[in-house]
Amino acid sequence: MKVVDVAVPGARYPIRIAPGRLDHLDEAIPPNATAIALVTNPTVAALYAERAERALARTGRKVVRIDLPDGEEHKDSGTLNQIFDVLLSNGFDRRSVLVALGGGVIGDMTGFAAAVYMRGIRFVQVPTTLLAQVDSSVGGKTGVNHPLGKNMIGAFHQPVAVEIDTDVLATLPAREVSAGLAEVIKYGMILDADFWAWCEANAARLRALDRDVLGQAIQVSCELKAKVVGQDERESGLRAILNLGHTFGHAIESGLGYGAWLHGEAVGCGMVQAAELSAEVAGLPREDVARVRKLVEAIGCPTTAPDLGAERWLSLMRVDKKAEGGEIRFVLTPRIGQAIIQGAPRDAVLRVLERTVA
Ligand code: NAD
Ligand code: GLY
């Protein structure tokens with residue numbers, strides 16, 4: 001088992017990575033927990049809830065299961081209320097613990113429910129998609145979407161543990177694997193040129209879920225994310241670089257309607273657009289833009305963005321937490337392995353849209 005530590009002011013927790021972790025979830029539950037709610041969805045529940053419930057039952061605590069509807073289009077305040085309804089009607093108190101079993105949608109909603117239920121209770125992340133294992137389960141960003149903007153309602157709330165069972169990826173649809181790999185290669189692009197080159201060399205094995213290669217990718221991704229979050233939990237600076245590709249990507253997601261493209265697909269395509277913009281305004285060599293496009297293609301993500309209309313693109317990109325005083329700010333990469341955050345002239349952004357939109 002690999003263990004990566006996350007340390008932020010006031011919280012420290014382990015990310016445990018190993019095949020079969022699902023059967024040991026009881027080890028993640030704090031001894032003074034009074035009750036446990038296992039939050040999941042019908043897709044994941046059909047595959048893994050029974051094993052998770054069996055492991056959690058070993059704590060001797062009451063375990064209540066909450067099945068939320070599956071899909072990004074349900075990541076909203078209405079669905080969130082379903083969690084509170086069950087917690088309140090079952091008398092869950094402040095020492096109760098929530099366990100999020102699922103992808104980033106379940107993890108983000110469960111974490112947000114934990115952040116605000118009785119002003120904050122503890123929760124455990126059990127991520128079952130590659131994207132959630134390498135990104136969303138780590139670092140304490142929780143929340144739901146609003147019709148006017150993605151992830152706009154939320155809170156920082158760290159889990160007490162992240163339990164990564166690498167075996168569960170075997171049932172993940174290929175499209176979801178590709179979406180998760182977009183977040184993996186993102187770490188190389190912003191922080192580590194050697195990891196980027198390693199991803200280029202291993203793209204086919206990663207897509208094929210080669211156990212050794214994927215295990216290493218998950219560990220390195222968690223280590224890199226833990227390092228960034230440890231330095232800037234609340235995104236007052238450095239952490240924003242983790243949003244490479246997200247300014248363009250979030251516009252795709254909300255422009256097309258949540259769920260049309262997977263989050264990771266939008267991020268992959270957004271990375272190509274961010275690379276094009278980096279070549280325009282931050283000095284990224286054109287041959288590196290080509291490398292980005294090639295690797296995004298190799299992991300199976302789209303590289304051509306949808307035609308939302310230039311003005312709509314710009315207005316969607318303005319609804320972004322990095323925007324300041326109405327100015328869109330982008331994560332840009334002057335070279336592979338290094339990221340900066342800055343605005344860009346409107347004509348440069350329009351040229352990028354012309355080159356990348358179908
Ligand atoms: P998701 O949660 O919708 O899961 C994708 C699909 O895979 C779902 O249908 C799910 O039911 C299914 N699934 C999950 N595990 C499975 C398994 N092992 N086998 C078969 N099917 C499985 O999507 P996601 O890509 O995991 O997460 C995307 C969400 O994460 C977005 O809402 C995004 O905003 C959020 N996110 C949050 C952070 C953060 O820091 N909090 C970071 C990145 C992304
Ligand atoms: N996924 C971006 C972050 O956690 O900050």
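First listed ligand is number 1; within each ligand, the first listed atom is number 1.
Among the atoms of Lys186, none of the N or O lies under 3.5 angstrom from an N or O of ligand 2. Any N or O atom pair closer than 3.5 Å counts here, and Asp108 shares at least one such pair with ligand 1. Checking only distances, Thr142 never comes within under 3.5 Å of ligand 1, N or O to N or O. Where the criterion is an N or O separation shorter than 3.5 Å, residue side chain and backbone included, Ala132 fails it with respect to ligand 1. The shortest N or O to N or O distance between Arg239 and ligand 1 is not below 3.5 Å. At least one N/O-N/O distance between Lys141 and ligand 2 falls below 3.5 Å. At least one N/O-N/O distance between Val105 and ligand 1 falls below 3.5 Å. Close N/O approach between Gly104 and ligand 1 is found [any backbone or side-chain N/O within under 3.5 Å].
In this model, a donor atom of one side chain and an acceptor atom of the other lie less than 3.5 Å apart for Asp93 and Thr34. Checked by atom type, the side-chain pair Asp108/Thr142 shows no donor-acceptor distance below 3.5 Å. A donor atom on one side chain and an acceptor atom on the other are found under 3.5 Å apart for His263 and Glu253. No hydrogens or angles considered: nothing links the side chains of Ser96 and Tyr117 as a donor-acceptor pair under 3.5 Å.
Each of Arg16, Arg21, Arg51 was compared with Asp165 under the salt bridge (Lys or Arg N to Asp or Glu O under 4.0 Å) criterion, and only Arg51 meets it.
Closest to atom 13 (N) of ligand 1 among all protein heavy atoms lies Val44 CG2, 3.8 Å. Regarding atom 20 (C) of ligand 1, its nearest protein heavy-atom neighbour is Thr171 O, 3.1 Å. Counting only heavy atoms of the protein, atom 9 (O) of ligand 1 lies nearest to Asp70 OD2, 2.8 Å. Leu131 CD2, 3.9 Å is the protein heavy atom nearest to atom 28 (C) of ligand 1. The protein non-hydrogen atom at the shortest distance from atom 1 (N) of ligand 2 is Asp135 OD1, 3.1 Å. Ranking protein heavy atoms by distance to atom 32 (O) of ligand 1, first place goes to Glu72 OE1, 2.6 Å. Of all protein heavy atoms, the one lying nearest to atom 4 (O) of ligand 1 is Thr129 CG2, 3.5 Å. Among all protein heavy atoms, the one lying closest to atom 16 (C) of ligand 1 is Leu172 CD1, 3.5 Å. The protein heavy atom nearest to atom 15 (N) of ligand 1 is Thr128 OG1, 2.7 Å. When hydrogens are left out, the protein atom nearest atom 4 (O) of ligand 2 is Lys225 NZ, 2.5 Å; that is the closest non-hydrogen contact.
Atoms of ligand 2 found under 4.0 Å from any heavy atom of Leu242 (numbered from 1 in listed order, with element): 2 (C), 3 (C), 5 (O). Less than 4.0 angstrom separates some heavy atom of Lys150 from each of these atoms of ligand 1: 31 (C), 32 (O), 33 (C), 34 (O). Against a heavy-atom cut-off of under 4.0 Å, Thr43 is close to the following atoms of ligand 1: 11 (O). Counting the atoms of ligand 1 from 1 in the order shown, those under 4.0 Å from a heavy atom of Leu47 are 19 (N), 20 (C). Heavy-atom contacts of Lys75 reach the following atoms of ligand 1: 31 (C), 32 (O), 33 (C), 34 (O), 35 (C) (cutoff under 4.0 Å). Atoms of ligand 1 found under 4.0 Å from any heavy atom of Asn151 (numbered from 1 in listed order, with element): 34 (O). Of all the atoms in ligand 1, the ones that sit under 4.0 Å from a non-hydrogen atom of Asp135 are 42 (C), 43 (C).
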**Study point:** Verdict with supporting geometry, Arg122 and Asn32, side-chain hydrogen bond (donor to acceptor under 3.5 Å, both in side chains)
**Key:** CA-CA 11 Å; Arg122 295 163 296 182; Asn32 68 350; 2.7 Å; yes
Review point. Would Lys62 and Glu53 satisfy salt bridge (charged side-chain N to carboxylate O under 4.0 Å, His left out), going step by step from the backbone distance to the final call?
Key: CA-CA 10 Å; Lys62 172 165 88 168; Glu53 282 173 305; over 6 Å; no
Check your understanding: Between Arg291 and Glu287, does a salt bridge (charged side-chain N to carboxylate O under 4.0 Å, His left out) hold up when you go through it step by step?
Key -> CA-CA 6 Å; Arg291 279 177 76 186; Glu287 58 267 31; over 6 Å; no
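Two residues are said to be in side-chain contact when any heavy atoms from C-beta on lie closer than 4.5 Å; Leu295 and Ile299 meet this criterion. Counting only heavy atoms from C-beta outward, the side chains of Phe330 and Gln342 never approach each other to under 4.5 Å.
Neither the backbone nor the side chain of Val138 comes within contact range of ligand 2; no heavy atom lies under 4.0 Å. In Glu183, neither the side chain nor the backbone holds a heavy atom less than 4.0 Å from any atom of ligand 2. When non-hydrogen atoms are compared, ligand 1 lies under 4.0 Å from the side chain of Asn41 (C-beta onward) but not from its backbone.
Ring planes of Trp198 and Phe195: parallel class, angle under 30° (limits at 30 and 60°).
A salt bridge is defined here as a Lys NZ or Arg NE, NH1 or NH2 lying under 4.0 Å from an Asp or Glu carboxylate O, and Arg65 with Asp67 meets this definition. Contact check on Asp232 versus Arg239 returns no salt bridge, with no Lys/Arg side-chain nitrogen under 4.0 Å from an Asp/Glu carboxylate oxygen. Ion pairing between a basic and an acidic side chain is recognised when a charged N comes within 4.0 Å of a carboxylate O; Arg286 and Glu276 show such pairing. A salt bridge does not link Lys294 with Glu200: every distance from a Lys NZ or Arg NE/NH1/NH2 to an Asp or Glu carboxylate oxygen is 4.0 Å or more.
More than 12 heavy atoms of other residues, nucleotides or ligands sit less than 6.0 Å from atom CZ of Arg351.
Between the CZ atom in Arg312 and the CG atom in Asp307 there is a gap of 11.0 Å [rounded to 0.5 Å].
Between atom 42 (C) of ligand 1 and the options Ser137, Gly180, Ser136, the minimum heavy-atom separation is to Ser136. Summarising the contacts of atom 6 (C) of ligand 1 with Lys186, Lys225, Glu176, the nearest heavy atom is found in Glu176.
Using 4.0 Å as the threshold, Tyr48 has a heavy atom nearer than that to some atom of ligand 1. Taking a 4.0 Å cut-off on heavy atoms, Glu253 fails to register as neighbouring ligand 1.
Under the 6.0 Å cut-off for aromatic ring centres, His157 and Phe123 qualify, their centroids lying closer than that.
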